[in-house]
Amino acid sequence: PDAIDDYARGQRVIGLSDPFDVNVADIGLGVSTPPQVLIATPFNYSILVTNFGPHAASLVSLSNVVPADAIFVSANSSRGACSYANGVLTCDIGGLDVGQLALITVTVNPSRGGPLAAVFRAGAFEHDPAFPNNVVTNVTDITGDEDHDGMRGRSRRALDDRNGAT
């Protein structure tokens, strides 16, 4: 008899894994920013990555494609390390025991006005039964004129009007 037949009859077979013997770790993600920021004013994303259990999580990571209308400044993590290359931020947090968290601070500098949407994703090696809490889209309102020329949110048109320019 082969191993598949033995497994089908409920006999223990070395070499086949038990599909119900899986470590589970619910990784949760929370992101906050100021509700409104001026153009060319750096601001922070404060990110909490938490392991809600029921098992320890390994190879925990966070990723974010930095929005095109923002300039990456820096990223720091309370656990592990962050790197930035080709517009993508990656933080390798490492392991998190049940209840442990990592605080990550990401600083960007917005380059134009309007809503700035940033999508953050977290995950681990273990199966996550609650995947929807691993992805957060954060929208920050960037105020100022889209023609910003370094005047920290003041409208070029308003200044031109005041100075009599046409």
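FYI, the numbering just counts along the sequence from 1. On a predicted model such as this, the values are computed, not experimentally measured, just so you know.
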Show the nearest heavy-atom pair for residues [X] and [Y], with the distance to one decimal.
| X | Y | answer |
| --- | --- | --- |
| Asp26 | Ala130 | OD1-CB, 3.6 Å |
| Cys82 | Ser77 | SG-CB, 3.9 Å |
| Val108 | Ala70 | CB-CB, 4.1 Å |
| Pro110 | Val37 | CG-CG1, 4.3 Å |

Could you tell me the separation between the [atom1] atom of [X] and the [atom2] atom of [Y], rounded to the nearest 0.5 Å?
| X | Y | atom1 | atom2 | answer |
| --- | --- | --- | --- | --- |
| Asn64 | Ile47 | CG | CD1 | 7.0 Å |
| Ile39 | Asn109 | CD1 | CG | 10.5 Å |
| Gln36 | Asp141 | CD | CG | 5.0 Å |
| Asn76 | Cys91 | CG | SG | 9.0 Å |
| Thr41 | Ile142 | OG1 | CD1 | 8.5 Å |

*Take Tyr45 and Leu89, measure what side-chain contact (heavy atoms from CB on, under 4.5 Å) needs, and give me the verdict at the end.*
CA-CA 12 Å; Tyr45 291 98; Leu89 170 68; over 6 Å; no
Throw together a table of side-chain donor-acceptor distances under 3.5 angstrom for residues 49-61, partners on residues two or more places apart or in other chains.
| residue | atom | partner | partner atom | Å |
| --- | --- | --- | --- | --- |
| Asn51 | OD1 | Gly53 | N | 2.8 |
| Asn51 | ND2 | His55 | O | 3.0 |
| Asn51 | ND2 | Leu96 | O | 2.9 |
| His55 | ND1 | Val24 | N | 3.1 |
| His55 | ND1 | Val24 | O | 3.2 |
| Ser58 | OG | Glu126 | OE1 | 3.4 |
| Ser58 | OG | Glu126 | OE2 | 2.8 |

*Before giving the answer on side-chain contact (heavy atoms from CB on, under 4.5 Å), spell out for Val119 and Val65 the whole-Å C-alpha distance, their side-chain angles and the decisive distance to 0.1 Å.*
CA-CA 7 Å; Val119 179; Val65 175; over 6 Å; no
Determine whether a donor-acceptor pair (N or O, by modelled atom type, separation under 3.5 Å) exists between the side chain of [X] and the backbone of [Y].
| X | Y | value |
| --- | --- | --- |
| Asp128 | Ile27 | yes |
| Asn134 | Ala122 | yes |
| Thr107 | Val73 | no |

Is it true that [X] and [Y] fall in one hydrophobic cluster, defined by side-chain heavy atoms closer than 4.5 Å?
| X | Y | answer |
| --- | --- | --- |
| Leu29 | Ile104 | yes |
| Leu62 | Leu101 | no |
| Val106 | Val66 | yes |

*ring pair (Phe, Tyr, Trp, His ring centres under 6.0 Å) involving Tyr84 - partner list, sequence neighbours excluded*: Phe72
*asked:* Run the side-chain contact (heavy atoms from CB on, under 4.5 Å) test against Thr90 and tell me which residues pass, sequence neighbours left out.
replied: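 For Thr90 the side-chain contact (heavy atoms from CB on, under 4.5 Å) partners, ignoring immediate neighbours, are Ser83, Val88, Asp92.
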